[in-house]
Amino acid sequence: MKSHARVVVIGGGVVGASVLYHLTKAGWKDVLLIERAELTSGSTWHAAGGMHTVNGDPNVAKLQQYTIELYKEIERISGQSCGVHITGGIMLASTQERLDWLKMAKARGRYLGMDLEIISVNEAAELFPLMDKKHFKGAMYDPIEGHVDPYGVTHAYAKSAQIGGAEIVRHTRVTDLTQRADGSWDVITDGGIVHAEHVVNAAGLWAREVGRMVGIELPVLAMEHQYLITGDMPELVGKKEQLHAIDFEGEIYIRQERGGMLMGTYERAGVPWSEVTTPWDFGQDLLANDLDRIAPSLEVGFAHFPALEAAGIKKVVNGPFTFAPDGNPLIGPVRGLKNFWVACGVMAGFSQGGGVGLALSRWMVDGDPGADVWGMDVARYGDWTTLAFTNAKVRENYSRRFSIQFPNEELTAARPLRTTPIYDRLIGEHAVFGAYCGLEHPLWFAPTAAEAVDHVSFRRSNSHAHVGRECAAVRDGVGLLEISNYGKFEVKGPGTAEWLSWVMANRVPKVGRIALSPMLNERGKLIGDFTMCRVAADHVFLIGTYAAESYYLRWFERHLPPSGVSVRPCAMEYVGLSVAGPRSRELLQSLVRDDLSTAAFPFLSFRRMEVGMVPAYVGRVSFTGGLGYELWVTTDYQRALYDSLLKAGREFGIRPFGGRALNAMRLEKSFGTWAREYRPIYGPYEAGLGRFVDLQKDVFIGRAAAAEEKDSGGALRLLGFQVDASDADALGDEPIWHDGTVVGWVTSGGFGHRVGASLALGYVPAAVAGAVSGFEIEIIGERRQATPLKGAAFDPSGALMRA
Ligand SMILES: Cc1cc2nc3c(=O)[nH]c(=O)nc-3n(C[C@H](O)[C@H](O)[C@H](O)COP(=O)(O)OP(=O)(O)OC[C@H]3O[C@@H](n4cnc5c(N)ncnc54)[C@H](O)[C@@H]3O)c2cc1C
């Protein structure tokens, strides 16, 4: 084994082999893969090898498409067959909700260029004669589905990488990792030490163990997974290879395997494997079968596909593979650890492995993944993902793999975990909670405890009218909102203003003022949106999306100078409340000595005040788009602040409101939000944030690209639409049609209660953005007329928030 390599990839499963190949393809030849046994000796060897393009996240779906298309390339380079069988696939619906879900998936596939088709039960039965029609209502057909040979794929990647210059060492285990002062790594193995600039943890089933070598606890857990293979079936003799099928209600996937059928299930009673540590002596082993556990699914499967029962079970495979809490991979650089990368938690290696390798290799070589990989970024998790939290969420995710998650459905595992001091007060107000980063926050308020429950639906639900009343309170009087679930950072030191001016696109505000600012990467794309509150010359309180806290910190740490500025995350040290609505000033004024008149405390002011007995930062800003204030206090004061605002607010008809009302109101203002309207695939001018980019500043990250985008206008435009919808609103990811062609996609949608209209925000090509008619948005399979809005639907001049 050589003693030095630019990169050491730990793990020779399908993911490590793909990363290795993509690094050589990107031009890094001095790369070494270390595998403790033979290639494929983790989850990979016993996988069913199924692959498909459909994914809930369109960005992940694109990487899945890439993976499937890649197999021809690695077969050609390596001469190794991947055993690709593109059979096509059908997804079978037994309920109306599932059929609606399929229609939405088909619609989403439109702007990804996917050729999906909704078909009748009779058409499905013609394509897949093994099904018993009486159990189904309809289906979706996808021509690009199939399966591969896991061994062949992994070796094709590995050989292609070796042809590109990579080396692979087998039967060598990485036992420890130590970092040198310059950030490079000593990779300690049972066969000697390799000095490497970069290390990639692609250790699959052992990713946690390799993480622990560098002091991190990765949120991954392996689950046992069983599939069975039937005896040979006369029904298959002389026939074309059967399609892949997913039977959602049976929680079953099924495909042909030689003369029989392979049937796997994500059963409800899923069982984790090696909950704390993965044994090093586990190799190409299988786990003991437990058919009792999957009996309920098998029963449904045999009823839905009767010929399988008659064929009998020839073989059962039970093997473990890993999941992150949300079921998406964990990839990217780990914050706080220079040159340490992860590519793990990949639960669908044969659909996603290629895309993961591509994105990670670009990230390492070019400093940027080259695609929107927010949904897979390891930085989407933070300190709350303890081992037990991960365990609960992974079990839940596994058991719901084939369940619909409705847009208004809040999953229940690992809850409540994190709560703010007013949690019980909010329960007393009959709040319905959601969990975000493990933190409970109110979504809406019901009139009674018995009504405080969401009836899940793709359509307007039981909360609709209540949310409407909350919006009316904010429109006409005053509402009170818990806003603790934001990321917060204290930026301090003499270099604060200069540094922020470099990392943020907008001008740093004066002391006592607030400025909104996008954060751009070098390519001028949006990687964050912040509220900068200037407390003092050398102190800025920064507010952004909580889920992106680690993502932002990773970026900040990369760009911090050696001295003069410090950035400290303080999300849970400061919790917040917002008062919003035309009477919010009177209410707040009754509790503070400071003059809150617009002359004395105008829009975008920020000041330390005493609110009753509570010391608070008060900002005159509101995401509702009307008059409003945000109050930030240390956690110990939140309860007192809440009580005094409610008490003083009685006179003004105060009413608590929740996240759903806030979302409706920000849509009425066409205010975007991170991970929906603002993502690293959009530029600030495309996203309508151009007014927050200060090109007068000589330097800031992304300036050149932003200036270019301003000149060219960018390729896309974020538009607001009023939608002619009836009982279901756009939610996000629906296609936008123009003159009969799909031109764009919705980023958010909902009902604007203050304006009484269904609204949506979405991107369309700049060339059609000026059209005043001809737009439609497809909602649950129906194309609805969508009228582009000239400005915000609510208070387009912005006079109310400045008044
Ligand atoms: C029963 C079953 C059915 C499945 N069906 C499908 C399917 O149909 N389609 C699909 O896409 N996916 C399927 N999967 C999931 C698929 O197997 C995984 O997504 C994939 O194998 C993950 O690959 P990996 O490279 O991340 O991890 P692994 O395959 O676990 O590879 C990790 C490798 O790292 C090596 N390693 C670990 N630690 C060290 C160390 N310290 N030093 C050196 N080497 C180390 C291990 O020996 C191992 O070879 C299935 C899984 C199972 C169990």
Side-chain angles (χ1 to χ4, degrees), residues 8-20 32-52 64 67-68 145-151 153-154 157-158 168-177 187-191 194 199-213 220 222-229 244 246 253-255 257 262 264-266 273 278-287 289 316-324 327 329-331 342-354 356-357 398 401:
V8 165
V9 177
I10 305 171
V14 63
V15 173
S18 167
V19 170
L20 193 73
L32 171 69
L33 184 147
I34 302 179
E35 165 55 49
R36 80 193 166 107
E38 290 292 345
L39 297 181
T40 76
S41 295
S43 302
T44 300
W45 73 277
H46 50 238
M51 54 179 189
H52 49 90
Q64 295 191 178
T67 302
I68 294 172
E145 263 191 52
H147 58 273
V148 285
D149 165 23
Y151 173 94
V153 167
T154 310
Y157 278 130
I168 296 176
V169 178
R170 293 171 305 139
H171 299 287
T172 304
R173 176 155 77 89
V174 174
T175 54
D176 207 356
L177 292 161
V187 181
I188 300 155
T189 78
D190 52 14
V194 188
V199 168
V200 179
N201 175 359
L205 287 177
W206 294 266
R208 280 179 313 186
E209 279 64 28
V210 171
R212 287 172 192 154
M213 292 176 193
V220 284
M223 296 291 292
E224 292 191 15
H225 182 71
Q226 301 183 81
Y227 64 79
L228 55 87
I229 296 171
H244 270 234
I246 291 180
Y253 63 88
I254 173 171
R255 71 161 169 88
E257 173 68 22
L262 179 156
T265 172
Y266 285 83
W273 178 72
T278 308
W280 288 110
D281 59 1
F282 187 80
Q284 294 206 344
D285 301 309
L286 288 175
L287 307 173
N289 302 331
V316 180
V317 171
N318 184 9
F321 65 119
T322 55
F323 296 78
L330 293 173
I331 74 167
V342 294
C344 60
V346 183
M347 60 80 53
F350 302 95
S351 303
Q352 301 178 335
V356 164
Y398 183 92
R401 171 100 178 107

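Numbering of ligands and ligand atoms starts at 1, following listing order. Just the heavy atoms: all of them, side chains too, but no hydrogens, waters or symmetry mates, feed the values below.
Nearest approach of Thr322 to Gly204, heavy atoms of both residues: CG2-O, 3.8 Å.
Glu38 and His171 form a side-chain donor-acceptor contact under 3.5 Å, judged by distance and modelled atom types alone.
Protein residues having a heavy atom under 4.0 Å from any atom of ligand 1 are Ile10, Gly11, Gly12, Gly13, Val14, Val15, Ile34, Glu35, Arg36, Ser41, Gly42, Ser43, Thr44, His46, Ala47, Ala48, Gly49, Gly50, Thr172, Arg173, Val174, Ala202, Ala203, Gly204, Leu205, Trp206, Val210, His225, Tyr227, Trp280, Gly319, Pro320, Phe321, Val346, Met347, Ala348, Gly349, Phe350, Ser351, listed by chain and number.
In this view, Arg36 and Ser41, Arg173, Trp206, Trp280 satisfy the side-chain contact (heavy atoms from CB on, under 4.5 Å) rule, not counting sequence neighbours. With sequence neighbours left out, the side-chain contact (heavy atoms from CB on, under 4.5 Å) criterion links Ser18 to His22, Tyr157. Every residue meeting the side-chain contact (heavy atoms from CB on, under 4.5 Å) condition with Trp273, not counting sequence neighbours, appears here in chain and number order: Leu205, Ala222, Glu224, Thr278, Pro279, Phe282, Leu287, Pro320.
Outside the 6.0 Å centre-distance limit, the rings of His244 and Tyr253 are not counted as a close aromatic pair.
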